[in-house]
Asker: 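Quick one: the structure is below, and I'll ask about it shortly.
Side chains included, hydrogens not; waters and symmetry mates left out as well; all remaining heavy atoms used.
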Amino acid sequence: MADVCLTLTKRLFCLSPSETKFLTFTSFMNLINTDSLDNELLAAVNFLSSSEFAILEPHGLFVDESGDEFQLSTEEFDLLLSSNELVHPNTGQLVSNPKGMVCPFFVMSLDS
C-alpha cells in the first residue's frame, strides 16, 4: 500500500488545481495506470482521505431516479455512510437504497 500511496500522492500533486476538484476511483486507477480497483488502491485512498496525513476530502454525488444530481453536504454524506440514510434534497423523502445512488468522489484538500 505504501508504494501506491506514494505514487498516487506524487501524481496528484502534478495535477492542476482544476483537475483535483472531482476525483473518482477511476481517476485514481488512471493515475497509477491500473485497470482494476484492488484492495491496495482502496487502502491507499482510505489512508489519503482519513489519516492525519489526509490530502483528499471525501464527498458524495447523489443521482436520483430522474437523473438529477445533488452534491451531498458533509453531514449528509457522513449520515449515509454511517446509517445508510439519505433524505432527498428536493422532496424531503427518505431515499430507498441510497448507497446505490451515490457516487463517491474526492477533492484534493486545500491544506495539502
Asker: Start with the C-alpha distance between L31 and L15, add both sets of side-chain angles, then the distance that settles side-chain contact (heavy atoms from CB on, under 4.5 Å), and finish with yes or no.
Answerer: CA-CA 10 Å; L31 283 170; L15 298 175; 4.2 Å; yes
Asker: Tell me, do F105 and Q71 make a side-chain contact under 4.5 Å, heavy atoms counted?
Answerer: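 SC-SC contact between F105 and Q71 confirmed.
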Asker: Does L8 form a side-chain contact (heavy atoms from CB on, under 4.5 Å) with L41? I'd like the steps, not just the answer.
Answerer: CA-CA 9 Å; L8 201 49; L41 179 55; 4.1 Å; yes
Asker: Treating T20 as the side-chain partner and P17 as the backbone partner, does any N or O pair qualify as donor plus acceptor under 3.5 Å?
Answerer: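 Yes.
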Asker: Out of curiosity, F77 CZ to L61 CG, how far, rounded to the nearest 0.5 Å?
Answerer: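 The CG atom of L61 is 10.0 Å from CZ of F77, to the nearest 0.5 Å.
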Asker: Cluster question for you: counting only ILVMFWY and a side-chain heavy-atom cut-off of under 4.5 Å, with indirect links fine, are L37 and L56 together?
Answerer: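 L37 clusters together with L56.
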Asker: Evaluate F70 against H88 for ring pair (Phe, Tyr, Trp, His ring centres under 6.0 Å), listing each step before the verdict.
Answerer: CA-CA 9 Å; F70 304 89; H88 193 290; 5.2 Å; yes
Asker: Distance check, rounded to the nearest 0.5 Å: N84 atom CG versus K99 atom NZ?
Answerer: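 Between atom CG of N84 and atom NZ of K99 there are 5.0 Å.
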Asker: Quick one: do V107 and F53 end up in the same hydrophobic cluster if we chain Ile, Leu, Val, Met, Phe, Trp and Tyr together by side-chain heavy atoms under 4.5 Å apart?
Answerer: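 They do not share one cluster, since no chain of ILVMFWY contacts under 4.5 Å joins V107 to F53.
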Asker: For the CG atom on D35, are there more than 12 heavy atoms of other groups (residues, nucleotides or ligands in this structure) within a distance under 6.0 Å?
Answerer: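 For D35, atom CG is not crowded (no more than 12 foreign heavy atoms under 6.0 Å).
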Asker: Restricting to non-hydrogen atoms, name the atom on I32 and the atom on R11 that form the minimum distance, rounded to 0.1 Å.
Answerer: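 Scanning both residues, the minimum pair turns out to be CA-NH1, 3.5 Å.
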Asker: CG of L86 to CG of D64: how many Å apart, nearest 0.5 Å?
Answerer: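 Rounded to the nearest 0.5 Å, the CG-CG separation comes out at 10.0 Å.
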Asker: Say whether F47 and L81 are linked into one hydrophobic cluster, either directly or through other cluster members, by side-chain heavy-atom distances under 4.5 angstrom.
Answerer: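 No: no chain of side-chain contacts under 4.5 Å links F47 to L81.
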Asker: Is it true that a side-chain atom of T91 and a backbone atom of Q93 form a donor plus acceptor pair closer than 3.5 Å?
Answerer: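 Confirmed, T91 side chain pairs with Q93 backbone.
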Asker: I would like to know whether V95 and V87 meet side-chain contact (heavy atoms from CB on, under 4.5 Å); could you show each step before the answer?
Answerer: CA-CA 6 Å; V95 175; V87 175; over 6 Å; no
Asker: Just how far is it from atom SG of C5 to atom NZ of K10, taken to the nearest 0.5 Å?
Answerer: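 Going from the SG atom of C5 to the NZ atom of K10 covers 12.0 Å.
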Asker: As a quick check of understanding, evaluate side-chain contact (heavy atoms from CB on, under 4.5 Å) for L72 and V102, giving each step before the final call.
Answerer: CA-CA 9 Å; L72 301 178; V102 173; 4.0 Å; yes
Asker: Is the backbone of M1 close enough, under 3.5 Å, to the side chain of E40 for a donor and an acceptor to pair up by distance?
Answerer: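 It does hold such a pair.
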Asker: In a check of side chain to side chain contact (heavy atoms under 4.5 Å, CB included) between F28 and each of T34, L42, L12, which one passes?
Answerer: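 Testing each of T34, L42, L12 against F28, the sole residue satisfying side chain to side chain contact (heavy atoms under 4.5 Å, CB included) is L12.
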Asker: Can you give me the closest heavy-atom contact between A54 and S49, atom names plus distance?
Answerer: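 Residues A54 and S49, closest heavy atoms: CB-C, 3.9 Å.
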Asker: State, to 0.1 Å, how close M101 and S96 come at their nearest heavy-atom pair, and which atoms those are.
Answerer: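 Between these two residues, the closest heavy atoms are SD-O, 3.8 Å.
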Asker: Tell me whether the count of non-hydrogen atoms from other residues, nucleotides or ligands lying under 6.0 Å of CG in N90 goes above 12.
Answerer: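 Yes, enclosed.
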Asker: With rounding to the nearest 0.5 angstrom, report the CZ to CD distance, F62 to E76.
Answerer: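 These two atoms lie 9.5 Å from each other.
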Asker: Taking atom CZ of F25 and atom SG of C103, what is their separation to the nearest 0.5 Å?
Answerer: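 Answer for the CZ-SG pair, F25 versus C103, is 9.0 Å.
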